Amino acid sequence: MNHTTTTLNRLDVIDALMAQKKLKNYLEIGVANGHIFFRVRSPFKVAVDPAFAFDTLRRIGKTILNPSNLANQYFEKTSDAFFAEDAGRVLTGKPLQLALIDGMHEYQFALRDVENTLRYLSHDGVIILHDCNPQTPGAAVPYEEWVEGQWNGDVWKTIVHLRSQRPDLNVFVLDTDQGLGIVTRRKPESPLAFTPAQIAQLTYDDFAQNRVHWLNLKSPDYFYAYFGLEKE
Ligand SMILES: C[S@@+](CC[C@H](N)C(=O)[O-])C[C@H]1O[C@@H](n2cnc3c(N)ncnc32)[C@H](O)[C@@H]1O
């Protein structure tokens, strides 16, 4: 495959980590029609979404294309319900190595998803957060105010929160595919110092003026360097 920086997307990131780090356990929160989920090659995959946008026929078709889908576990519920009711049982003995968080794109929802996922993440596991880098005010509004077009919500506040409040995590955002947040248990590169109350008050204009600094925004090539991966 010939990946260039301009085409790096979440599936490229997932594929490279899965294949080169030989990962086995994958969680996706917010799966929709499984456009990404069904393509991931991993022997143990967990899908969580309150409204899956696929039927049994699509599942069968995707399993023929990618036999690793045979062992998938599906939870048609919110991520909060999954973590409250199922995660302890489902993930016991199967520490997560990679998770894509792409469910409800609002600060507190995405933060809970990260914090809950961390409870089951292996020490060298990786969390990818989609939609961290909205380009317009309209893409960054709360879900109830969203009218049309791209919606990223305020997941960017989750990044600011983690960089301010979690000295045990290194967090940066790849400047590609709506902003791919990367969370690992490593020493933070350059922490921020916001309180949760301050973060709640921040506006899109504040964000737009501080985008690169607050997101710790990196070029897509940084991904390969950070994880010591070959560019395929
Ligand atoms: C942008 S789509 C996910 C796209 C998918 N990850 C991909 O890359 O193709 C967002 C999904 O999040 C789901 N969602 C909304 N609220 C959620 C919640 N509280 N917990 C889990 N998923 C949620 C929606 O039903 C929707 O299918």
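Just so you know, ligand 1 is whichever comes first in the structure, and atom 1 is the first atom listed for that ligand. All values reported here derive from a predicted model rather than from experimental measurement.
When each atom of ligand 1 is checked for a heavy atom of His35 under 4.0 Å away, the hits are 9 (O). Each of the following atoms of ligand 1 lies closer than 4.0 Å to a heavy atom of Glu28: 5 (C), 6 (N).
Asn72 and Tyr74 form a side-chain donor-acceptor contact under 3.5 Å, judged by distance and modelled atom types alone. Defined by atom type and a distance below 3.5 Å, a donor-acceptor pair is missing between the side-chain atoms of Arg59 and Asn69.
Of the listed residues (Ala110, Ala32, Pro50), the one carrying the non-hydrogen atom nearest atom 21 (C) of ligand 1 is Pro50.
Note that Lys24 lies outside the cation-pi zone of Phe44, set by a 6.0 Å cut-off to the ring centre and a 45° limit from the axis. Figure legend: cation-pi geometry between Arg186 and Tyr226, with NZ or CZ positioned under 6.0 Å from the six-membered ring centre and within 45° of its axis. A cation-pi arrangement is absent between Lys218 and Phe223, since the terminal nitrogen or guanidinium carbon is not both under 6.0 Å from the aromatic centre and inside a 45° cone about the axis. The side-chain tip of Arg112 points at the ring of Phe109 from less than 6.0 angstrom away and within 45° of straight on.
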Legend entry - Trace of the salt bridge (Lys or Arg N to Asp or Glu O under 4.0 Å) decision for Lys77 with Glu85: CA-CA 10 Å; Lys77 52 178 69 179; Glu85 297 162 9; 2.7 Å; yes
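No part of Asp113 comes within 4.0 Å of ligand 1, judged by heavy-atom distances.
Nearest to atom 19 (N) of ligand 1 among the protein's heavy atoms is Thr78 CB, 3.7 Å. In terms of protein heavy-atom proximity, atom 8 (O) of ligand 1 is closest to Arg10 NE, 2.8 Å. Nearest non-hydrogen protein atom to atom 11 (C) of ligand 1 is Asp49 OD2, 3.5 Å.
Annotation: Ser79 places an N or O atom under 3.5 Å from an N or O atom of ligand 1; distance criterion only. Polar contact check, Gly30 against ligand 1: a nitrogen or oxygen pair lies under 3.5 Å apart. For ligand 1, the polar-atom distance check finds no N/O of Lys77 at less than 3.5 Å from any of the ligand's N/O atoms. Polar contact with ligand 1: present for Asp102 (N/O pair, distance under 3.5 Å).
The ring of Phe227 has its center no closer than 6.0 angstrom to the ring center of Tyr222.
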